[in-house]
Amino acid sequence: MHIGIDFIAFDFPQLYLPIPELAQNRHIEADKLTQGLGLLQMAIPDVSQDVVTFAANAVHRLLEQTQLTPESIARIYVGSESGVDSSKPIGSYIISLLESRYGTRAFKHCDTVDHTFACIGGVDALQSCIDFVRLHPTQKAIVVTSDIAKYDLGSSGEYTQGAGALALLISAQPRIVALDNVTGIATEGVFDFFKPRQTVSKSLITGANDNPEWMGVLENEVTLYKEQPVFDGQYSNTCYINRITEAYHHFKELRPQEGIHFEGWAQLFMHLPYCFQARRTFSSIYAQEKHPEVTGAEDLKAIAKSEAYRSLVAQKIAPSEKASGVMGNLYTGSIFLGMLSGLSQAATQTEELEGQKVGFIAYGSGSKAKVFEGQIQPGWREAIQAVRLFESLDQRKAIDFHTYEKLHKKEIDQPVGTPQGFVLDRIEKENPVLVGARYYKFR
Ligand SMILES: CC(=O)SCCNC(=O)CCNC(=O)[C@H](O)C(C)(C)COP(=O)(O)OP(=O)(O)OC[C@H]1O[C@@H](n2cnc3c(N)ncnc32)[C@H](O)[C@@H]1OP(=O)(O)O
């Protein structure tokens, strides 16, 4: 039985900031970002867009394009690390927004829950849904990844920002890719990248007593959330390399075979916190497999620059990078955007991927990595062409640095573009039993 990804839909911001414009204003060499990290544009959410609108729009589009009824969807499982509430999941918002289009209680028997483990939560949601459909092959599930990768202004993460959601239909007749049930896993509790929550006395916060959003909720305390992560960029890279290497070796133990595993993969889809992360880090696995005798840092650098490694990058990794370079980090969605990017480019060429294996290497800070394989299915080309990834990305609108900074600081209250579909209408501030509730509308 083949269980896997049957169809894909997405919702991305319609605005982007050209990276050279950011480089110029931050006094960073543009070539470092464009040539060194592969960054060309970054997606910027507009006013009235959030992780709920991206997620609900992606699922709505998936249902419209596949013409599936609400009753045929048994699960909507979400991966996100930028939820808008500590208790009410994004999934609960998605259900109510969809019901405003499909009818009251249309999703009454649909299970939903959010999965949070930094950028790997989408893969966790995916594996849970794959297992579910394996047990119930007549049922269908949807996995949604939705995030806003927002970093502090002027930080080393600023140029890697991005946003958006992908919705993946999971079925027992997958048109795109069937997923294997063997997963190499590596986990270690570390502080490489995190978003701490702190509860502090109101008296310590200037203006807290005047903030109507919190009045009536807490007598003496305010809980602070950091939307932007606390992180150590170089250390996070080290954790990423260590975990993916450990997970790759675990995968090899669980799935022994003659020859090198990655040589059998037509393409490789890795978590891309920025465009060139995969090519800059996979070289450590490549070196261990191809040159196990080499351990010195200088020799490893030479291997990463070798003709043989560059050719592997061009063939197996670069196709997944193209969309990342013009979108930025999607956190939980990055690995699936990479898959869509790679398959979208292959679909325009004569290349036949049907029956071929592809590799997935996922990472979430904190930290966990997973390695698994998929097999491309007969309907992949038509299904991927129907998604129209690059055609949609070409229709976005560039904004200038001044507008970007204002959006980042939440200093604009009217949309810069014209967000379509579900949009945030208002957040309740007055009613004490609903304070903080978010309300959406469709346009
Ligand atoms: C969240 C996770 O998934 S954890 C894993 C990744 N971590 C993150 O994404 C956290 C947020 N991001 C960051 O902190 C940063 O963007 C980092 C750590 C990823 C990158 O750090 P930076 O200090 O910006 O870049 P760094 O100096 O490491 O490398 C830049 C590259 O540009 C190259 N470069 C520098 N200047 C130039 C130039 N003028 N022209 C061309 N290339 C250049 C460097 O040689 C280097 O390439 P190489 O190492 O592949 O040879």
Side-chain angles (χ1 to χ4, degrees), residues 19-20 22-24 26-40 42 79-82 116-123 145 147-163 186-195 226-245 247 269-284 286-287 297-298 300-306 309-310 313 317-318 320-321 324-325 327-338 361-370:
I19 289 291
L22 177 72
Q24 188 186 358
R26 293 276 178 249
H27 309 293
I28 303 169
E29 269 186 273
D31 281 356
K32 170 184 164 172
L33 305 188
T34 56
Q35 315 286 319
L37 298 173
L39 312 173
L40 303 175
M42 61 189 196
S80 180
E81 58 162 297
S82 20
T116 298
F117 196 133
C119 298
I120 204 168
V123 166
T145 62
D147 275 301
I148 296 179
K150 184 173 181 181
Y151 287 82
D152 284 330
L153 296 172
S155 71
S156 70
E158 185 183 18
Y159 30 85
T160 70
Q161 294 175 110
T187 311
E188 187 182 11
V190 294
F191 286 101
D192 60 332
F193 168 113
F194 57 111
K195 296 176 188 160
K226 204 162 180 314
E227 218 182 350
Q228 296 94 292
V230 176
F231 68 98
D232 177 340
Q234 298 305 339
Y235 177 57
S236 72
N237 268 339
T238 304
C239 295
Y240 182 110
I241 293 170
N242 290 345
R243 283 309 80 70
I244 65 165
T245 307
F269 310 125
M270 291 174 65
H271 167 51
L272 297 180
Y274 61 90
C275 185
F276 284 173
Q277 173 80 350
R279 65 171 66 190
R280 292 178 80 212
T281 54
F282 187 73
S283 54
S284 60
Y286 175 89
E298 286 311 309
L300 289 173
K301 272 190 194 159
I303 289 171
K305 292 194 185 327
S306 68
Y309 183 65
R310 278 183 217 235
V313 167
I317 296 179
S320 69
E321 296 173 337
S324 173
M327 285 288 295
N329 195 354
L330 261 59
Y331 286 162
T332 51
S334 286
I335 188 166
F336 302 118
L337 179 67
I361 301 186
Y363 176 76
S365 290
S367 61
K368 179 167 78 177
K370 289 186 168 179

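Predicted model, so just to flag it, every value in this text is computed and none were measured. All ligand and atom numbering here is 1-based and tracks the order in the structure. All residue numbers refer to positions in the sequence shown, counting from 1.
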Mind checking what makes side chain to side chain contact (heavy atoms under 4.5 Å, CB included) contact with Ser80, not counting sequence neighbours?
->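 Expected list: Val78, Ser82, Ile90, Asp147.
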For atom CZ of Phe191, is the number of surrounding heavy atoms from other residues, nucleotides or ligands below 6.0 Å larger than 12?
-> no
Taking atom types as modelled and ignoring hydrogens, do the side chains of Tyr240 and Arg280 form a donor-acceptor contact shorter than 3.5 angstrom?
-> no
Evaluation steps, side-chain hydrogen bond (donor to acceptor under 3.5 Å, both in side chains), between Gln277 and Asn237 | CA-CA 9 Å; Gln277 173 80 350; Asn237 268 339; 3.1 Å; yes
Enumerate the protein residues lying less than 4.0 Å from ligand 1, judged by heavy-atom distances, in chain and residue-number order.
-> Glu29, Asp31, Lys32, Gln35, Gly36, Leu37, Tyr151, Ser156, Gly157, Tyr159, Thr160, Phe193, Phe231, Gly233, Gln234, Ser236, Asn237, Tyr240, His271, Pro273, Tyr274, Gln277, Arg280, Tyr363, Ser365
Would you say the ring centroid of Phe193 lies under 6.0 angstrom from that of Tyr331?
->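 Yes.
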Phe269 ring center within less than 6.0 Å of Phe336 ring center |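 Between Phe269 and Phe336, which both carry aromatic rings, the centre distance is not below 6.0 Å.
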